[in-house]
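Order of the sequence lines fixes the chain letters, A, B, ..., with proteins taken first and strands second; residue numbering starts at 1 for each chain. The structure displayed is predicted, hence computed values, not measured ones.
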2 protein chains.
Amino acid sequence: MTQTSWDPRRLTAVAVELPEGVTPPGTRGRILRAALRLFAEYGFHGASIRDIAREVGINSATLYAHYPAKEHVLAELIRLGHEELRRRMVEAAGAAGDDPAEQLAALVRAQVLVHTDYPLLALVANHELHALSPESAAPALALREEARQLLLAVLERGATAGAFDVADVPLTGIAIGSLGMRVANWFGPDQPYTREQVADAFVGFALRLVGSPLPRG
Amino acid sequence: MTQTSWDPRRLTAVAVELPEGVTPPGTRGRILRAALRLFAEYGFHGASIRDIAREVGINSATLYAHYPAKEHVLAELIRLGHEELRRRMVEAAGAAGDDPAEQLAALVRAQVLVHTDYPLLALVANHELHALSPESAAPALALREEARQLLLAVLERGATAGAFDVADVPLTGIAIGSLGMRVANWFGPDQPYTREQVADAFVGFALRLVGSPLPRG
DNA sequence: CTTTTCCAACCGATCGATCGGTAGCCACCA
DNA sequence: TGGTGGCTACCGATCGATCGGTTGGAAAAG
C-alpha cells in the first residue's frame, strides 16, 4: 500500500523465475535467467552480453556456444513468456463451463496469474518486443493475438447472450487486458496481497467492466 | 478493431507531439522531439546521440551545446510528461464539483486524454524511467505520486460517503490507473475511436470499477 | 556610426571505453 | 574420437563525450 508504481529499484526484490519444464537446463537456462533479470532492469540495449556473462559466471564469448546472437536470447525469453500466457489461457478456456461470466473469470484469472508468477518475464515480453526484428517477433505476436482472440470471443458471446452489458467489445477487451498486463509492474513480495487475492480482485474488476451481475470477489 | 496491441512498427504513424508552451523553442525543442520519437521506438539505450543529431540535422557534438548529457534529454522528456499529467489532473480536480463520481470522472478523463494527446511522451515517461539515475528520476516520481494521491483521495472519499462500492481502495486505484496508462500503447490515428470517445468509455469503465450507479458512457 | 569584443551555437576530428561477435585453442565426456 | 562447452585474445564498429576551431549576431566601446 505504499509504493505501488513502477520503480526499478525494486527489481532485485522480485524473484527471477521462468516457467518450469520449458526452460533449458544448465548453462543455457542460467543465461536466460541472468538475461531476464538484466533485460527487465536495464532493457535489451542497456544490458550487455558482458553483463549477462558476468552474472552467469562465464566468459562473454561462451554465450555464443549456447545462443547464436544476443537477440536470440531475448527472442527466447519473449517466446517463453507468450507461450506460457497462451498455454494458461487456452487451458483456462477449456476447463471453464459454458457460462460467459465463468469463462471470462477463468481467462482473467489465468492472465493475471501469469503476471504475478512471472513478473519479470511479462515485463520483458511486453516492453522489449521492439528490440526484435519483425521475423523474430512474429511468433510471439501470433501467440498474443491468439490469447486476445480468446478473450474477445468470450466477450462477444457474453454480449450476444445478454449476460454482459458491453457497449464496445474490442475496447472492453483492451481495458481488461490492460488490467492484467500492468500487474507485472507493481506486484511483488512487498505488496500486501497474495497472488490469489490479486487474481480474485481482478476477476471482480473484469466482471464489473462487462456489467455482469456477479458481485465483487 | 484490428491491431490494437503494442506494435512498434506503428510508431511512425503517431504524431510526435510535446505539450505547447513548455517545450523549448528552436534547436533545443527539435532535439527533444527527435529524442522523443527515437526513445519511444528504440528505448533510451537503443537510440544514440548520433541518431538524434541526424534526425535534427545537426552534428552530434552540437547536442552538448544544449544539453549537458544524453541523460538530461531523457530527464527533460520525463519531466515534461509527468508535469503535464499532474497539471491536467490538478486542474480537473479543481474544476470538478463535490460529487465523488464527478471527481473520479474528471480525473480519469484528464489522465486518459494526456495519454491520447501525447502517447509517445507517455510511453517514454513510463517505460524509460529506469534509465535515469535516482536523483534524475526523483522529481518525476514525486509528480506521479501526487497524481496518484489525487485519485486515491477521491476513491477514499467516495467509499466513505457510500457513493462507491470499493473493497480495496489502493487496488482499485491501481486498476483505474492501469487503464489510462495503457491507452498510450494502442491509441492512434488508425484506431476507430476519437480521443473523446476513448475518454468517455474509460470514464465509464472507472465508474463501473467503483460500483457507481452511473451507466456506461 | 564603425569597430571590437563577446558568446552561443555549431563544426570535424578525436578520445577512451564499450559494444556484439569471431577465431583458434583446450579440456572434458560419452 | 568427435562434439560440446569453455577460454583468451582480438576484431571492426559504435558509444557518449571532449577538443579546438569557426561563424554570425548582439552588445559594448570608441
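- Defined by atom type and a distance below 3.5 Å, a donor-acceptor pair is missing between the side-chain atoms of A:Tyr42 and A:Asp51.
- With rounding to whole Å, A:Glu71 atom CD is found 9 Å from C:dG21 atom P.
- In this structure, A:Lys70 atom NZ and C:dG21 atom P are separated by 8 Å, rounded to whole Å.
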Exercise. Would you please test A:Val22 and A:Glu83 for side-chain contact (heavy atoms from CB on, under 4.5 Å) and show each step?
Key: CA-CA 10 Å; A:Val22 294; A:Glu83 282 187 348; 5.7 Å; no
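- Listed by residue number, A:Ala61, A:Tyr64 are the residues of residues 53-68 of chain A with a heavy-atom contact under 4.0 Å to DNA chain C.
- For the pair A:Leu38 CG and C:dT18 C1', the interatomic distance rounds to 16 Å; values are reported in whole Å.
- Computed from coordinates, the A:Ile31 CD1 to C:dG20 P distance equals 14 Å when rounded to whole Å.
- Computed from coordinates, the B:His72 NE2 to D:dG16 C1' distance equals 14 Å when rounded to whole Å.
- Following rounding to the nearest Å, B:Ile49 (CD1) and C:dC15 (C1') show an atom-to-atom distance of 13 Å.
- One finds a salt bridge joining A:Glu76 and A:Arg79 here, because a Lys/Arg side-chain nitrogen approaches an Asp/Glu carboxylate oxygen to under 4.0 Å.
- Here D:dT14 presents its C1' atom at 15 Å from NE2 of B:His45, a figure rounded to the nearest Å.
- A close approach under 4.0 Å does not occur between any side-chain nitrogen or oxygen of A:Thr27 and OP1 or OP2 of D:dG5.
- Counting only distance, with no hydrogens or angles, the side chain of A:Arg157 and the backbone of A:Pro100 share no donor-acceptor pair below 3.5 Å.
- A salt bridge links A:Arg148 and A:Glu145; the closest N-O separation between the charged side-chain nitrogens and carboxylate oxygens is under 4.0 Å.
- Nucleotide C:dG20 holds its P atom 8 Å from the CD1 atom of A:Ile52, rounded to whole Å.
- Side-chain atoms of B:Arg208 come within 3.5 Å of backbone atoms of A:Leu209 as a donor-acceptor pair (strictly under, hydrogens ignored).
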